[in-house]
Each structure stands twice: as C-alpha cells, then as structure tokens.
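The block underneath contains the structure these notes are about, expressed in structure tokens.
Below, read A as the first sequence line, B as the second, and so on, with proteins coming before strands; counting in each chain starts at 1.
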Amino acid sequence: AQKVTQAQTEISVVEKEDVTLDCVYETRDTTYYLFWYKQPPSGELVFLIRRNSFDEQNEISGRYSWNFQKSTSSFNFTITASQVVDSAVYFCALSEANTGFQKLVFGTGTRLLVSP
Amino acid sequence: SQTIHQWPATLVQPVGSPLSLECTVEGTSNPNLYWYRQAAGRGLQLLFYSVGIGQISSEVPQNLSASRPQDRQFILSSKKLLLSDSGFYLCAWSVALGVGDTQYFGPGTRLTVL
C-alpha cells in the first residue's frame, strides 16, 4: 500500500535560514505522482508542486526547490532564505495510479515556524 | 479561472444534531470532487469522492454521507453528529484525468461538535 512519511513533526528556524522538509514515500507503482501542499494558519491547502515518477529533474521556483530521488524514494522540499510568511504546515502527498481515479495519500505534515 | 467555495466557514453543533456542509466549484465542468477531514493536529483523510452527478464513493465507513445533486455541487451530511465528527472539512476538485490530477482545495469548514 502507498505510504508517505514526513518524519519532521515541527521545525523552527529564524528568518533567512534555509530549511529542508523531508518526504519519503512507498509505492509499488511504476507510474505515480508526488505533490507538496502548504497549509497556512487560515487552513486552506495551497498547491505548490506536482511531479511525475518519470521526471527526476529538480525544480526551482523562486525561493522554493524540490529534490526528487527515486533511488531513495524521497521528494524533499527546500525553502531558501525563509520568511515569516513561510510559516505553515506543509504536506507531501502521493497519488495512487491504479484505481482509475485520483486518490491522494498524505503524509502527516511538517509544521514550519519561521521567527523574525 | 476556477474557484471553489465552502460554507459555512465555521460551525458549532450539539451531539445528535444534523449536518449539511456545501461545496461548489466555479469555472470548470464535470470535475472530480472530494471531501476530506483533518482531525486536530493530524493529516488529511479522504472521506468521499465523486466522478459525476449522483456518483459517490465512500472511502471510510462512518457517520457521514455525501451527495452530488449538481455537476459542481458536493454536499456532506449527517443525520446525527457524534463528538468524533469534529474536525476541519476540506472539499477539493480536480480535472477528471484519472491519474495524476492536481487537487485544488477549498477554504474548509471548521466543525466543532459539543
């Protein structure tokens, strides 16, 4: 069965520090998709990135970057020069590709606290 | 552009009372729709999904039910709430590609059952 593990429950950093959020997944599918979502204090989940299993290129979007490594089944998320507005809970998720519809399996989330 | 609405934003209900949460999507047709629950300090659990009007699949047996009376409307209901129904309820939609769809979430409803 698919599983997503976010071992870091909470991370605290000071503004301008770099921080990496870990995500390790388990799946037997050869085709799968990975996602990151941000949940600010307001509660709404904000989509950040989607990556398919055939694309191992790292991606950078502004201060955000993602490192996808199939060899270690990891999809880690790095925030460079963190800001207070980055404070949120971040969820990693994995799609199940064998059910005919899109089902996401979420990790338990990592709470990031960025202090000024 | 697509938007998703949920109401109410917050709700406090007594045990044993009925529940109706509504979710509507604008700017897209025939979306897949989802209901998730997030218990305090925990991850998200998929409750129901729908691939079309009147088509509902339940992921977890529970005290809740869902309905999709219109293409872009998804309703979560209960006849009698339990304390354990408290949580943050999120509705989501995706383009019906089948695999790898990105799900976009609404603002959520925070339900407290007393």
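- The nearest pair of heavy atoms linking A/Phe106 to B/Leu44 is CD1-CB, 4.0 Å.
- Few gaps surround CG on B/Leu83; more than 12 heavy atoms of other groups in view lie less than 6.0 Å from it.
- Cluster membership check: B/Val95 shares its hydrophobic cluster with B/Val25, using side-chain heavy-atom separations under 4.5 Å among Ile, Leu, Val, Met, Phe, Trp and Tyr.
- Counting heavy atoms of neighbouring residues, nucleotides and ligands inside a 6.0 Å radius, atom NZ of B/Lys80 does not exceed 12 of them.
- Between B/Phe105 and A/Glu44, the shortest heavy-atom contact is O-OE2, 3.4 Å.
- For a residue to count as touching a neighbouring chain, one of its non-hydrogen atoms must lie under 4.5 Å from one of that chain's; by this rule A/Gln39 touches chain B with the side chain only.
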Open item on the list: Test side chain to side chain contact (heavy atoms under 4.5 Å, CB included) on B/Tyr36 and A/Leu104; report intermediate values, then the result.
Closed with: CA-CA 10 Å; B/Tyr36 288 86; A/Leu104 289 180; 3.8 Å; yes
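- Annotation for A/Gln57: atom CD does not count as buried by contact number, only 12 or fewer foreign heavy atoms lying within 6.0 Å.
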